[in-house]
Amino acid sequence: MVDLEVRGVSKRYGETLALDRVDLRVERGETVALLGPSGCGKSTLLAVVAGLEPHDGTIRWRGRDLAGTPPESRRFGVVFQDYALFPHLNVFENVAFGLRVRRTPAARLRERAAEVLSLVGLDHLRSRDVTTLSGGERQRVALARALAPEPRLLMLDEPLAALDRNLRDRLAEDLGAILSELDLPAIYVTHDVEEALAVADRVAVMEPRRIARTGTPEAIYREPGSEYVARFLGLDNLVPARWERAGGRTVLRTKLGALPADALPPPAGGQEAALLLRPNGISILEHAAGGRAAPASSAGRWVLHGELTGRSFRGAAQRVQVTVRGVDLRFRVAADQTLPPPGSAVTCTIDPRRGACLIPRRPTGPISERPI
Ligand code: ADP
């Protein structure tokens, strides 16, 4: 069941095209993360959905066109990056603000404000001056304030961007839990990949002006669909590859050598592709027995010979760089794996079904929402 449907939305600010035929759906109760670099149009899309900016294309709520519905009648709540709390009001009064504006009866106002304060875990701070709160607490007040008037859609614009990394990770998980408990559809704008993955049921990755790929976090990692999306997700082992069939077998011609490709589905849209090697797709990394040999395969696995050219310890894992025929590849291996010193010859073994995928070289257009 679709709650919000954005179809063919374009927005121009003078000479700048900020959105170009954007399609997006938010289904009942789901949180969609709008993930993309700064300036790609995320805030503009929120402003358009909120009814704050004129635009081309349609926005529907449960099938009904919102063109004639002013922002205050849409019942969409917004949480901003800077929280926009009222400094002269305490926590309770900030949360109750929207209810007072709507002339909510006093008893219902107290009940509802207490309800949302409890939901975000702030009952004990109800009388506190908001200027004395930590960043994380302010963010929760902002969330409670947006929730108090019972919006039918919640929009969060970089709500954690002002916080430091550790707090952000923890709050992203808390926020994700609150949003799924509420069964309230939400659009969560962020430029941070990990935050998007922590809160979202589905992620819409934006490139400038348009949505490049929409899917569950697992699906977009499994199949990024374009080099842009892969790189944005941090999947940057991308090697140009040509897919060829010869004598009933398929092979990938790459700078790494010719790799048997029977285990991989052919690339969509032609023979030219980018071969993506997943960062955690190496199953063994060890000293090569001899010098550099041509790539070979063994029991369906690819065997690449190269040189260990970098290594850094990252707590839970080690990052390694292996250079194979002049191509630098970066992987993650277990923290406790013993590695030879940098400069050593190594052999990498990759199971192509788990550790590789093919991405069309020149996508014909954005991979956007599929019809339901
Ligand atoms: P994001 O939220 O992804 O950082 P924005 O939606 O803020 O991106 O901006 C998208 C593009 O539209 C940018 O090129 C930005 O400069 C432009 N833009 C945004 N708001 C305005 C405005 N009010 N007037 C002119 N250009 C704008």
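All values below come from the heavy atoms of this structure, side chains included, with hydrogens, waters and symmetry mates left out. In each ligand, atom 1 is the first atom listed, and ligand 1 is the first ligand listed. In this chain, numbering begins with 1 at the start of the sequence shown. All values derive from a computational prediction rather than experimental measurement.
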Atoms in ligand 1 with a heavy atom of [X] nearer than 4.0 Å:
{"X": "Cys40", "result": "1 (P), 3 (O), 8 (O)"}
{"X": "Lys42", "result": "1 (P), 2 (O), 3 (O), 4 (O), 6 (O), 8 (O)"}
{"X": "Pro37", "result": "3 (O)"}

Sub-4.0 Å protein heavy atom next to atom 15 (C) of ligand 1: no
Is at least one protein non-hydrogen atom found at under 4.0 angstrom from atom 3 (O) of ligand 1? yes
For [atom], find the nearest protein heavy atom and state the residue, atom name and distance (0.1 Å precision).
{"atom": "atom 17 (C) of ligand 1", "value": "Tyr13 CD1, 4.0 Å"}
{"atom": "atom 7 (O) of ligand 1", "value": "Ser43 CB, 3.9 Å"}
{"atom": "atom 12 (O) of ligand 1", "value": "Ala18 CB, 3.5 Å"}
{"atom": "atom 6 (O) of ligand 1", "value": "Thr44 OG1, 2.6 Å"}
{"atom": "atom 1 (P) of ligand 1", "value": "Gly39 N, 3.4 Å"}

Within the 3.5 Å criterion, strictly below it, is a donor on [X] or [Y] matched to an acceptor on the partner's side chain?
{"X": "Arg12", "Y": "Ser10", "answer": "no"}
{"X": "Thr131", "Y": "Asp129", "answer": "yes"}
{"X": "Thr323", "Y": "Glu307", "answer": "no"}

Calculate, to the nearest 0.5 Å, the distance between atoms CG and CD1 belonging to Leu24 and Ile211 respectively. 4.5 Å
Nearest 0.5 Å, please: how far is CG in Leu233 from CZ in Arg213? 9.5 Å
When Asp3 is tested against each of Arg62, Arg64, Arg152, Arg75 for salt bridge (charged side-chain N to carboxylate O under 4.0 Å, His left out), which residue passes? Arg62
Quick check on Pro208 - does any of its heavy atoms sit under 4.0 Å from an atom of ligand 1? no
Give a yes/no on ligand 1: does Gly41 have at least one heavy atom closer than 4.0 angstrom to it? yes
Heavy-atom closest pair (Asp65 atom, Ala67 atom, distance to 0.1 Å) is OD1-N, 2.9 Å
N/O donor-acceptor pair under 3.5 Å between Arg126 side chain and Leu122 backbone: no
